[in-house]
Amino acid sequence: MLGYESLVAYPDIIHFVTTRHGGYSQGTYASFNCSPFSGDVPEQVSRNQERLFEGLPQRPHELVIPHQVHDTRCLWIDKAYLSATPEQKRERLEGIDALMTAEPGFCLCISTADCVPVLFYDKAHRAVAAAHAGWRGTVEEITGCTLQQMQMAFGTRGEDVVACIGPSISLDAFEVGDEVYEAFRQKGYDMTKISFRNERSGKHHIDLWEANRQQLIDFGVPETQIQVAGICTYTCHEEFFSARRLGIHSGRILSGIMIVDTY
């Protein structure tokens with residue numbers, strides 16, 4: 001597992017980003033796939049999650065992992081959620097692409113394999129969030145939407161946020177069709193900042209890292225409080241899962257963040 005230098009500075013939270021290595025899964029899921037929504041053998045996923053727990057300084061009460069659908073819905077993991085039955089929790093996590101909480105001990109997780117995982121920490125209000133920003137979610141500004149939800153729930157201000165943009169597909173590797181380029185352009189993105197046209201192939205490339213970074217800046221997050229991992233999953237596919245390399249039926253990186261429970 002890996003972590004972010006900017007978040008390590010805060011002892012009241014725990015966070016992680018998994019790699020492909022150190023688990024039990026086989027084939028395109030090999031070996032450390034912790035996502036239950038990827039088509040992997042459930043028993044192997046459970047074993048991998050147990051190994052994940054062993055590597056954390058505190059065992060979470062629960063790994064909260066949503067069934068993502070490339071939308072912008074953000075679920076508040078509040079006391080009402082915590083008191084729900086397992087079946088009710090599964091229903092509430094359906095179609096969710098971002099999570100937020102101020103409840104200690106509940107680890108918010110996002111699954112990715114080329115899409116962008118974004119972790120948030122509101123150091124003033126002791127709240128955390130995690131968002132799954134694929135290209136569709138990025139177009140619809142899921143990072144900004146998550147911050148707005150945090151603002152309504154906790155009073156989050158941009159100046160209080162530390163944010164990390166995790167391993168995902170890079171500008172150089174993310175070649176897209178005209179329809180994807182147009183989706184960003186029509187949404188009002190400055191295409192000179194987030195794209196270039198490959199003259200040899202005639203294809204556009206999109207910078208998802210920068211598009212999400214701009215959403216953070218627009219909310220008022222200082223640039224010094226934004227960390228971009230700068231790791232391309234497509235290029236570094238031996239270390240990280242990449243759906244473009246392995247196909248959709250493959251493992252996922254799990255990015256998690258949790259407030260420490262002091263009991």
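Computed from heavy atoms alone, side chains included, the values below leave out hydrogens, waters and symmetry copies.
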- Note on the structure: Sorted by chain and number, sequence neighbours left out, side-chain contact (heavy atoms from CB on, under 4.5 Å) with Thr138 holds for Ala133, Phe184, Tyr189, Leu208, Ala211, Asn212, Gln215

- Query: For Ser6, what residues pass the side-chain contact (heavy atoms from CB on, under 4.5 Å) criterion, not counting sequence neighbours?
  - Reply: Tyr4, Val162, Cys164, Gln227

- Query: Of all residues at least two apart in sequence or in a different chain, which pass the side-chain hydrogen bond (donor to acceptor under 3.5 Å, both in side chains) check with Arg136?
  - Reply: none

- Item | ILVMFWY network linking Val118 to Val228, side-chain heavy atoms under 4.5 angstrom | yes

- Task: Search all heavy atoms of His15 against all heavy atoms of Leu7 and return the closest pair with its distance.
- Result: CE1-CB, 3.5 Å

- Message: According to ring pair (Phe, Tyr, Trp, His ring centres under 6.0 Å), who are the partners of His204, at least two apart in sequence or on a separate chain?
- Response: Tyr181

- Message: Could you work out, with side-chain contact (heavy atoms from CB on, under 4.5 Å) as the rule, every residue matching Gln88, not counting sequence neighbours?
- Response: Ala84, Thr85

- Message: Is a donor from one side chain sitting under 3.5 angstrom from an acceptor on the other, for Ser195 and Asp207?
- Response: no

- Query: Is it the case that Thr192 and Asp190 place a side-chain donor and acceptor less than 3.5 Å from each other?
  - Reply: yes

- Item | Listed partners of Tyr121 passing ring pair (Phe, Tyr, Trp, His ring centres under 6.0 Å), at least two apart | Tyr10

- Item | Partner residues of Phe106 under the ring pair (Phe, Tyr, Trp, His ring centres under 6.0 Å) criterion, sequence neighbours left out | His61

- Query: Charged N to carboxylate O below 4.0 Å: is that the case for Arg47 and Glu50?
  - Reply: no

- Polar side-chain atom of Gln225 near backbone of Val161 as donor-acceptor pair, under 3.5 Å: yes

- Message: What I want to check is whether the side chains of Asp40 and Ser35 have a donor and an acceptor closer together than 3.5 Å.
- Response: no

- Query: Which side-chain hydrogen bond (donor to acceptor under 3.5 Å, both in side chains) pairs, counting each pair once, include a residue from residues 92-108, with sequence neighbours left out?
  - Reply: His67-Glu94, Lys79-Glu103, Asp97-His132

- Query: If you measure from the Lys or Arg side-chain nitrogens to the Asp or Glu carboxylate oxygens, is any gap between Glu141 and Lys187 under 4.0 Å?
  - Reply: no

- Query: Among all residues two or more places apart in sequence or in another chain, which pass the salt bridge (Lys or Arg N to Asp or Glu O under 4.0 Å) test with Glu238?
  - Reply: none

- Taking the hydrophobic residues Ile, Leu, Val, Met, Phe, Trp and Tyr, and joining any pair whose side-chain heavy atoms are under 4.5 Å apart, which ones share a cluster with Phe32? Met1, Ile14, Phe16, Phe37, Leu52, Phe53, Leu56, Leu63, Ile65, Leu254, Met258, Val260

Enumerate donor-acceptor pairs with a distance under 3.5 Å from any side-chain N or O in residues 242-251 to protein atoms, sequence neighbours excluded.
from	atom 1	to	atom 2	distance (Å)
Ser242	OG	Asp114	OD1	3.0
Ser242	OG	Asp114	OD2	3.1
Ser242	OG	Arg245	N	3.4
Arg244	NH1	Glu175	O	3.3
Arg244	NH2	Glu175	O	3.2
Arg245	NE	Tyr234	O	2.9
Arg245	NH2	Tyr234	O	3.3
Ser250	OG	Gly247	O	2.6
Ser250	OG	Arg252	NH1	3.4

- Item | Nearest atoms (heavy-atom pairs only) where Ile253 meets Pro167 | CD1-O, 4.3 Å

- Message: Please enumerate all residues that pass ring pair (Phe, Tyr, Trp, His ring centres under 6.0 Å) together with Trp76, with sequence neighbours excluded.
- Response: Phe154

- Task: Assess whether side-chain hydrogen bond (donor to acceptor under 3.5 Å, both in side chains) is satisfied between Ser170 and Trp209, documenting all intermediate values.
- Result: CA-CA 7 Å; Ser170 66; Trp209 302 347; over 6 Å; no

